Amino acid sequence: MDQAIEQILTLIWSPLRALDAFLAEHLPGQETAAIAAYAFYVLVILAGGLMAIGSRNLVRAMLGLILTFFGVAGMYLLLGSPFLAFMQLLIYVGAVCVLIFFAVMLTKNTNEGEEFKLPSPASAVYGLLAFILPLAVLVPLILVNAPNLKQEAIEPTDTSYLGEGLITENVVGFELISIILLVAMAGAVFLAWRRQPDKGKNQSGQNDPAKTKELRS
Amino acid sequence: MDLSITSLAQIIIACLMVIGLMVANAVVMVYFERKTAGFIQRRPGPYEVGPRGTIQAICDSMKLLGKQLFIPGNVDWLLYFLAPVLAFFPVLLLFLPIPFGKFLTAMSVDEGILLILAFSGLGVISNILAGWSSNNKYGLLGAARAVSQSIAYEIPMIMSLLAVIFLSGSLNLSQIVEEQGSWPWQWNICVQPLAFFIYLVSLVGETNRAPFDLPEAESELTAGFHTEYSGMGFALFFLSEYANMLLVSFVCVTFFLGGWKGPFLDGFWWTFIKAYLIMMFIVWLRWTFPRVRFDQLLNINWKWLLPLSILNLWITAIVVKLL
Amino acid sequence: MTPLSPLTLFLLASLLLLSLGLAGLVTRRTLVGMLISVELMLNGAGLAIVAAAKCTPASDIHGQLAALFVMGLAAAEATLVLAMILVVQKRFGKVTLDDVSAIRSSDALDSTDLAESDI
């Protein structure tokens with residue numbers, strides 16, 4: 001039965017496979033496809049970034065941030081690291097954006113907030129300066145000094161090598177980041193803890209049964 | 001990433017078939033759920049429209065599509081329209097790595113389960129956008145509850161799947177099915193029963209189904225984050241909820257119940273039979289248990305499921321290392 | 001000027017992210033808005049690390065693991081920053097930068113002194 005399905009599928013896809021082989025011979029397709037994908041992802045990153053820094057509504061800024069994360073994940077896919085691309089989506093879109101949303105919700109950033117005022121001219125000039133200065137300084141340096149490494153193609157990394165690296169060579173980093181995440185969680189809980197005023201104890205700090213009964217009812 | 005025309009055509013055809021599957025699934029599941037609810041509650045369920053009420057779901061969907069789309073004032077139009085779209089379209093992508101048969105995987109990704117988990121996060125974002133853009137107190141509260149429940153139940157889900165990944169040694173879903181055998185005692189459920197149980201509970205919590213459906217409880221929150229949606233928007237949310245249920249059932253079947261392998265004839269029919277058995281189990285759960293309070297819901301996750309799944313992972317790791 | 005190699009292209013993309021994030025950090029007036037800009041910059045850094053790892057003879061495993069650590073650190077930092085934003089909101093009543101700056105006027109510090117029960 002499986003062999004029958006396999007043969008049927010091979011039959012169905014054979015004209016497309018022939019088309020692929022024909023195109024691969026006659027057009028240098030790989031590079032232009034990669035350049036087109038790169039251009040698309042840069043546009044996504046630019047659009048998302050502009051929305052993230054320019055939008056007056058903070059939830060729309062978060063949406064722009066999500067768009068940027070997708071663009072960067074696409075870049076990681078082009079660089080042959082699919083594991084990193086999916087982890088980027090899992091960690092950033094799945095967790096960090098939800099955190100940002102809760103912060104926006106809990107700090108009551110409604111539509112009449114501070115962000116809604118247009119930026120003052122001075123602050124707009126500073127923003128433009130902050131945008132142009134790193135580009136002006138670093139782009140010439142990159143263009144002059146970057147090594148012209150012409151390799152054939154960027155190979156995708158097997159995830160098992162990443163796992164091995166985490167457990168054997170970089171195990172200290174792995175353990176340390178677990179500790180950092182644990183400390184961050186504990187710190188966040190502690191910082192946001194709302195201490196109830198001590199209702200169950202009387203003046204001298206001993207348990208007062210009358211007040212405890214009141215608390216329980 | 002294979003950018004050839006063959007793989008792109010395969011993905012597009014698979015997406016079209018998945019849309020068909022989602023719509024057919026919703027129609028069947030709506031009828032099945034209402035009939036089951038009726039029989040459990042000792043009443044006949046829908047029986048007027050069509051023979052034994054079978055056309056009921058189609059009539060319901062035609063009514064939903066024909067409803068007047070009115071948008072409440074003061075909503076953020078971009079987020080309001082984006083939320084149902086974000087709820088519906090990523091689910092298409094999630095069906096792509098699932099092995100329906102030996103050669104029937106739309107896109108055999110080497111990190112299949114990571115793709116599924118990564119794009120499930122977009123469903124959470126759509127809840128957020130729906131709740132926020134509705135400009136409605138109940139909607140926002142429902143959205144916050146739904147989101148905290150979803151991200152809470154993701155963790156034991158991931159860890160129980162991780163235990164199976166330890167055993168199979170690969171993140172590729174086709175590989176995980178290959179490692180299991182044909183007979184029920186060769187499936188992963190016999191090797192990882194605790195992980196299966198944890199996954200089943202967190203599946204119900206992740207898809208906001210009863211008894212964990214407080215975010216969309218009608219009596220408490222007037223439909224929660226999709227309060228302000230009617231007609232097409234509501235239909236998209238509804239479709240995506242049933243599609244999500246189907247997706248997690250397929251993942252459960254792939255990881256724990258042997259995928260497309262069965263006792264007599266291996267093939268794609270086994271995937272569907274087992275997945276629909278799990279869906280029947282979820283529907284049965286809905287009409288049997290009362291709704292769980294929200295703090296009890298989160299307690300179950302953080303105090304019971306998470307330690308159990310860590311314990312399971314630890315024991316699995318020790319056993320895998322020693323053997 | 002060298003011809004555009006893949007390494008140059010990816011470094012330019014990460015530089016774009018850095019500049020956008022910096023512009024946002026300078027322009028934004030709310031703390032949450034500044035956090036969003038910082039996340040943009042961290043993304044740019046991660047992209048630069050992975051590009052440098054994969055396009056050069058350097059070890060690509062170490063580059064990807066470094067980017068993974070950067071992602072984990074960004075998540076931990078976002079958690080703590082958001083908890084601090086909640087504390088600031090509770091203490092100052094609003095989270096816009098002009099009002100939160102306690103160094104500027106000393107009566108802001110006196111009137112909302114930290115009581116014993118706050119900690």
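Given the structure is predicted, the values throughout are model-derived calculations rather than measurements. Values below: all heavy atoms of this structure, side chains included; hydrogens, waters and symmetry mates excluded. Reminder, nothing fancy here: chain letters follow the sequence lines and each chain counts from 1.
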*Asks:* Taking all heavy atoms of C:R28 and all of A:A61, pick out the closest pair and write down the distance.
*Replies:* NH2-CB, 3.3 Å
*Asks:* With a 4.5 angstrom heavy-atom cut-off, could you sort out which part of A:F83 is near chain C: side chain, backbone, both or neither?
*Replies:* side chain
*Asks:* Which answer fits A:E164, side chain, backbone, both or neither, if we ask what part of it has an atom under 4.5 Å from a heavy atom of chain C?
*Replies:* neither
*Asks:* Specify which of C:L40, C:L16, C:L65 makes the most heavy-atom pairs with chain A at under 4.5 Å.
*Replies:* C:L65
*Asks:* Minimum heavy-atom separation for A:A184 to C:L80, with atom names?
*Replies:* O-CD2, 3.7 Å
*Asks:* What part of C:L73 gets within 4.5 angstrom of chain A, counting heavy atoms only: side chain, backbone, both, or neither?
*Replies:* both
*Asks:* Taking side chain as everything from C-beta outward and backbone as N, CA, C, O, which of these in A:L65 sits under 4.5 Å from a heavy atom of chain C? Side chain, backbone, both or neither.
*Replies:* side chain
*Asks:* Count the heavy-atom pairs under 4.5 Å between each of A:I180, A:L166, A:L181 and chain C, then report the option with the highest count.
*Replies:* A:L166
*Asks:* Can you confirm if the aromatic rings of C:F69 and A:F174 lie within a centre distance of less than 6.0 Å?
*Replies:* no
*Asks:* Looking at every heavy atom in both A:L84 and C:A67, which two are closest together, and how far apart are they?
*Replies:* CD2-CB, 3.7 Å
*Asks:* Could you give the distance from OG (C:S19) to CG (A:L133), rounded to the nearest 0.5 Å?
*Replies:* 9.5 Å
*Asks:* Specify which of C:E77, C:Q64, C:H62 makes the most heavy-atom pairs with chain A at under 4.5 Å.
*Replies:* C:Q64
*Asks:* To check you understand the geometry: which heavy-atom pair defines the closest contact between C:T27 and A:S123, and what is its length?
*Replies:* CG2-OG, 3.9 Å
*Asks:* Output the option from A:V189, A:L129, A:I53 having the highest count of non-hydrogen pairs under 4.5 Å with chain C.
*Replies:* A:I53
*Asks:* Pick one of side chain, backbone, both or neither for A:A95, based on which atoms fall under 4.5 Å of a heavy atom in chain C.
*Replies:* neither
*Asks:* Name the region of A:I177, side chain, backbone, both or neither, that has any atom closer than 4.5 Å to a heavy atom of chain C.
*Replies:* side chain
*Asks:* Looking at A:I91, A:V72, A:I132, A:L135, which has the largest count of heavy-atom pairs under 4.5 Å with chain C?
*Replies:* A:L135
*Asks:* CG of C:L7 to CD1 of A:I142: how many Å apart, nearest 0.5 Å?
*Replies:* 8.5 Å
*Asks:* Quick one: what part of A:Y41 sits under 4.5 Å from any heavy atom of chain C, side chain, backbone, both or neither?
*Replies:* neither
*Asks:* Using heavy-atom distances under 4.5 Å, tell me whether C:I36 contacts chain A through its side chain, its backbone, both, or neither.
*Replies:* both
*Asks:* I'd like to know which of A:G54, A:S81, A:G165, A:G187 tops the heavy-atom pair count under 4.5 Å against chain C.
*Replies:* A:S81
*Asks:* Does a side-chain heavy-atom distance below 4.5 Å link A:L191 with C:L86?
*Replies:* no
*Asks:* Under 4.5 Å from any heavy atom of chain C, what part of A:T157 do you find: side chain, backbone, both or neither?
*Replies:* both
*Asks:* Heavy atoms only: give me the nearest C:A78-A:V96 pair and the separation to one decimal.
*Replies:* CB-CG1, 4.2 Å
*Asks:* What part of C:M84 lies closer than 4.5 angstrom to a heavy atom of chain A: side chain, backbone, both or neither?
*Replies:* both
*Asks:* Are the side chain of A:Y38 and the backbone N or O of C:L9 linked by a donor-acceptor pair below 3.5 Å?
*Replies:* yes
*Asks:* Name the region of C:V50, side chain, backbone, both or neither, that has any atom closer than 4.5 Å to a heavy atom of chain A.
*Replies:* both
*Asks:* Closest approach of A:P134 and C:L18, non-hydrogen atoms and distance?
*Replies:* CB-CD2, 4.4 Å
*Asks:* With a 4.5 Å cut-off on heavy-atom pairs, point out which of A:C97, A:S178, A:G173, A:A192 contacts chain C the most.
*Replies:* A:G173
*Asks:* Let's test your reading of the structure: which of C:L25, C:T79, C:L47 forms the most heavy-atom pairs below 4.5 Å with chain A?
*Replies:* C:L47
*Asks:* Taking every non-hydrogen pair under 4.5 Å, which of A:T68, A:L162, A:L50, A:V139 racks up the most with chain C?
*Replies:* A:L162
*Asks:* Can you find a pair of side-chain heavy atoms, one from A:F131 and one from C:V26, that are under 4.5 Å apart?
*Replies:* no
*Asks:* Report yes if the side chains of A:I45 and C:L17 come closer than 4.5 Å at any heavy-atom pair, otherwise no.
*Replies:* yes
*Asks:* Using a cut-off of under 4.5 Å for heavy-atom pairs, which of C:M71, C:E39, C:M34 has the most such pairs with chain A?
*Replies:* C:M71
*Asks:* Kindly check if the number of other-residue, nucleotide or ligand heavy atoms within 6.0 Å of CZ (A:F102) is above 12?
*Replies:* yes
*Asks:* Heavy-atom pairs under 4.5 Å with chain A are the metric here; pick the option from C:D60, C:L68, C:N43 that has the most.
*Replies:* C:N43
*Asks:* Report the C-alpha distance between C:L42 and A:Y92 in whole Å, list the side-chain angles of each, state the deciding distance to 0.1 Å, and finish with yes or no for side-chain contact (heavy atoms from CB on, under 4.5 Å).
*Replies:* CA-CA 11 Å; C:L42 282 167; A:Y92 277 122; 4.2 Å; yes
